[in-house]
Each structure stands twice: as structure tokens, then as C-alpha cells.
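Dumping the structure here so I can ask a few things about it.
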Protein chains: 2
Amino acid sequence: MSYTYEYPHPAVTADICIFSIREGTLKVLLIQRLIDPFKDSWAIPGGFIKMDEDLAVGAARELEEETGVSGVPLEQLGAYGAPDRDPRERVITVAFMALVPSDQMVLAAATDAADAQWFDMDELPALAFDHATILADARARLADKVTNRVTETAKSAFQFLPQKFTLAQAQAVFETLKGEPLDKRNFRKWIAANWDLVDLKEKTSGGRHRPAALYSVDF
Amino acid sequence: MSYTYEYPHPAVTADICIFSIREGTLKVLLIQRLIDPFKDSWAIPGGFIKMDEDLAVGAARELEEETGVSGVPLEQLGAYGAPDRDPRERVITVAFMALVPSDQMVLAAATDAADAQWFDMDELPALAFDHATILADARARLADKVTNRVTETAKSAFQFLPQKFTLAQAQAVFETLKGEPLDKRNFRKWIAANWDLVDLKEKTSGGRHRPAALYSVDF
DNA sequence: TCAAAAGTGTTCGTTATACACCCATGT
DNA sequence: ACATGGGTGTATAACGAACACTTTTGA
């Protein structure tokens, strides 16, 4: 089957930057490409948009196909369309991003992906296409969104915490997302002022040091 | 000549929201479509991206072809790709926006455009495709960008002022761009703090009322 | 003298930032 | 006793928002 047009058409893809926190560090979900170009290179997941699906829907589908990850709320980052960004043909990509919990997530590489793995944002491999640029843009946007206001993005930060958590644990999560250390007292003021924390009147135990108070959060 | 692909490809367009101030009100540059679909409807200028040009370059080219407007710095707004947004075939558009002075600008409708005119943002005609949505997004972004920091977008606001201007004139420009009235004293504090105003030690004359001090701005 | 626009400061609330010491526990 | 992380308050600066009266001119 082939498709013919009177004028040349670019291909359009969606690429998705999926961030998570694992082992206390910010990770991004990458796939290893199974096919050329950039065969065997790592890349952010993505693929061609179908003719009858919305951009965000196509992005979600490609994400699930290549990595097994589904049900994440994607936010559009923008379009990337340098003429030579794909050596095959003209490909314009629309980039999306999301922040998700990943503890119970099972990665399942399929379709164009030989493998799907979480990479530490500080130890990225060489990336296919212009994905390093896209990912850098996404990283910057993530840091902006997490602490400024009580947005959906900020809410999702709490997914990296157990239901009962200490303030030190919460601080570590926000530091990881923001990419810089935060002042302990200022952080505690901020979280108390901006979120509905419930003091559970419980303390951690078994630690080597002073027990910490446990909290939960109501949205 | 025709172009054949193994898989279906969408068409990709760039659409451009060009804002200006004319007669003291915020205007947007629209074209009247010469061809179907939406023949005779008004639309924001735009058209198909060529295979070897960058998105922003294509947007600038389409803008010039259809309206005669050139040399404007475009900022990407995002991609719009609902499957049915174009009745002909699947068309994904990348929207751009800019704020430009228009006093000496000569509009020259050509190519797909029967006409090119400035429309008052408060009196828009029915627009083709999903252009009403795109334009509303652009309008919101414009208001955000103009007053918050000393950005390029904010700089361009001064292009709507004569070289020697009064603070009341400047306030009127910023109010138009922001879409809401500003407090006189707060505005004067803000403009003095954020811009390098030069007090020209001159006053307006010929007005019916108290003369106003004239300023110019250095960047 | 009146109408109309020009000009001018202070207060308050919120937010971000900086910063140092004592406390409770396990070893 | 000591090492380790838990826990706490105050001061300052910057910013945005609210707000009313006097001055100067032409008609």
C-alpha cells in the first residue's frame, strides 16, 4: 500500500519525555532503537502519528507501544522541525512530557524498541536525532513547574512519597525535581503553606537516629 | 508531479498570529481565504511548510507571501493537530505569534489570500478551522509576556510609541496589550524601575489641558 | 471658575531568601 | 559520649495591589 499526494508531505511524530524518580534521582525513560536511523542508539520514545488520532493520543499510544507505560497525562512541550533532524526524510515532531511514579511500573519494550530503560538525567547516553535538545527543554520546564504553584505537576511529586512520609523525604523529592538543594526551614514553611498536610501523630522507628514525624497529604 | 509514501503523511502548516496596536486598540492580522475550504472566510495567515525549511522560516515565508509582512521575530506557540481540524486531509499546524508595529506597514494580500486586514480583537469575524482557539491562546500568552519582565516582547511595546512620549501614552499601550486597566501610580513606578527612561525636560503643548512631560527610552 | 488630564507616596500583604542552634535517638 | 539526622523562628528585601488629592493648563 502506498499513499500519494500532489505536494510533498513531512512525516509527523510525537516524542515523549517521561520523568520519574528512582533511587532518589531524576530519571528519564529512554528506548533503544531497533531500526535505522540511529539503530541501537538510545532515544526518547515516540513514533508516527496516525491519520485519525489526536497528537496527545498518538503520543500516549506510541509511549505504550514502545515502553508499556500507559495512563499518563501528557503536556505539550512544542514542535521541533529542523529540516535535517531526521536523515530519512523530513520529520516534524511534537514533543510531550510527563512526570510519573514508576515503582510498580513494568517496562515492556516492543515495536521499534529493543529495550526500554530508566536513565539517570546526569548520565545520559548519546541520544538519537535532536532528542538531547528536546530533553533539555523538558528538564527546564519540569523544574519551573514543580515548585512554583500548586499545579497538577506539583501534585504528582507526592506520588514519589509513601502515604506516610517525613518532611525530610518530601524535601528530597522536591530537591530532585528542582535539581537544586532547598533550605530545610524554608521548605517546611512552603509545604505547610501550600499543601494540606495531616500530622499523623506517629513517628518513624527503627532508624538510627531521632524519629521523625509522619505526615500524609490531602488534595 | 506527485509524491508517494509507504505510509500516510499529514500535511503540516504554520499559522501566525500577528498582533499590533492601531487606533489605540489591539488588532490581529487576518487574511480572507481565496480557496476552499473556508473560501471567503477570514483566517490567521499561514500555509504549508516546505520540505527544506525550518518551521519558523516557513511561517515567516507564508506570512510574507500572504500579507506582505516580513522581518518579524516569531515565537512558537505550539502544535495543533485535532484529526478533523481541516476537512480536506489531516493537517497539523504549528502556531507562531508576534507583536509588531504596523503604522508604516503596507499589507499586500497575495497567494491564497484575497485580502489582508487588521481586525479588532474585540470584533473578530468567524474564523476558519480552529483558528479561534489558536488566537485565544495567543492572546493569553501576549498578555502574560508583556508586563512581567523586560523581555523582547515587552520591548516591542515601545514601538507603538513615538520617540518622545508621555507616560500616559505609554500606559495606554501597556493597557491595550494586557487587556485591562492599570493603576497610574503603580504603572509609573514599574516603568521607571524596569526601563531606562530619559526625561527630555520638554512638555507637550497644544493640548487642552495640563502639559505632560516627555520621555524617551534607552534599551 | 471649571473641566480635564498630569503628577505624586504610602501602606499592606505576600513571597523568597538567608541563617544557627538545640533535640532525640541508637550505638 | 557522640554521631546523626530531626526540628524550630526571625529578619530582610522585593514585589504587587490598593488608594486620593493637588497641580496645571485651556476654554
Side-chain angles (χ1 to χ4, degrees), chain A residues 23-24 143-151 153-154 157 161-162 164-217, chain B residues 24 140 143-151 153-154 157 161-162 164-217:
Chain A
E23 300 149 18
D144 274 354
K145 298 200 66 161
V146 164
T147 46
N148 284 347
R149 303 240 162 250
V150 181
T151 61
T153 312
L161 292 168
K164 303 176 177 186
F165 55 86
T166 68
L167 295 181
Q169 289 174 319
Q171 183 174 342
V173 166
F174 280 89
E175 283 176 336
T176 300
L177 294 174
K178 194 132 180 89
E180 59 188 23
L182 302 172
D183 178 86
K184 182 164 49 161
R185 283 171 290 190
N186 291 342
F187 174 76
R188 284 165 187 240
K189 268 184 295 186
W190 175 82
I191 197 172
N194 289 283
W195 303 92
D196 188 4
L197 289 185
V198 182
D199 184 343
L200 298 173
K201 312 286 186 193
E202 286 181 70
K203 302 239 170 218
T204 54
S205 61
R208 275 184 297 274
H209 305 295
R210 175 175 175 175
L214 286 166
Y215 295 85
S216 65
V217 67
Chain B
D144 273 354
K145 298 201 64 158
V146 164
T147 47
N148 284 346
R149 305 239 160 253
V150 180
T151 62
T153 312
L161 291 168
K164 302 176 178 186
F165 56 87
T166 69
L167 296 182
Q169 288 173 319
Q171 182 174 343
V173 167
F174 279 89
E175 283 175 336
T176 301
L177 295 174
K178 194 135 180 85
E180 58 189 23
L182 302 173
D183 178 85
K184 181 162 52 159
R185 284 170 289 189
N186 291 340
F187 174 76
R188 285 165 188 239
K189 267 183 296 185
W190 175 84
I191 197 172
N194 289 284
W195 303 91
D196 187 6
L197 289 186
V198 182
D199 184 343
L200 297 172
K201 312 287 185 193
E202 287 182 68
K203 303 238 172 220
T204 53
S205 62
R208 275 183 297 276
H209 306 295
R210 177 176 174 176
L214 285 166
Y215 295 85
S216 65
V217 67

From CZ of A/Phe165 across to P of D/dG7 the rounded distance in Å is 12 Å

Of all pairs that satisfy salt bridge (Lys or Arg N to Asp or Glu O under 4.0 Å), the ones with a partner from residues 173-195 of chain B, not counting sequence neighbours | none

Euclidean distance, atom NZ of residue B/Lys184 to atom P of D/dT22 [Å, nearest integer] = 14 Å

Taking only residues two or more places apart in sequence, or in another chain, which ones meet A/Thr176 in a side-chain contact (heavy atoms from CB on, under 4.5 Å)?
-> A/Ile21, A/Leu26

How close or far is atom P of D/dT8 from atom CD1 of A/Ile191, stated in whole angstroms?
-> 13 Å

Would you indicate what A/Ala193 reaches in the nucleic acid, counting non-hydrogen atoms under 4.0 angstrom: base, sugar-phosphate, or nothing?
-> nothing

Rounded distance in Å - CD (B/Glu202) to P (C/dA6) | 17 Å

What protein N or O atoms touch nucleotides 9-11 of chain D N or O atoms at under 3.5 angstrom, if any, and at what distances?
| residue | atom | partner | partner atom | Å |
| --- | --- | --- | --- | --- |
| D/dT10 | O4 | A/Lys189 | NZ | 2.5 |

Got a sec, which pairs hit side-chain hydrogen bond (donor to acceptor under 3.5 Å, both in side chains) with one end in residues 201-212 of chain A, sequence neighbours left out?
-> A/Lys164-A/Glu202

Between C/dT15 atom C1' and A/Arg188 atom CZ, what is the distance in whole Å?
-> 20 Å

When you measure from the side chain of B/Gln171 to the backbone N and O of B/Leu182, does any donor-acceptor pair fall under 3.5 Å?
-> yes

Could you write out each protein N or O paired with an N or O of nucleotides 22-26 of chain C at a distance under 3.5 Å?
| residue | atom | partner | partner atom | Å |
| --- | --- | --- | --- | --- |
| C/dC23 | O2 | A/Arg210 | NH1 | 2.8 |
| C/dA24 | O4' | A/Arg210 | NE | 3.4 |
| C/dG26 | O4' | A/Arg208 | O | 2.6 |

Rounded to the nearest Å, what distance is computed from the CZ atom of residue B/Phe187 to the P atom of nucleotide D/dC15?
-> 17 Å

Heavy-atom pair of closest approach, residues A/Ala157 and A/Phe174 = CB-CZ, 3.7 Å

Go through the structure and list residues passing side-chain contact (heavy atoms from CB on, under 4.5 Å) with A/Val217, not counting sequence neighbours.
-> A/Phe158, A/Phe165, A/Trp195, A/Leu197, A/Phe219

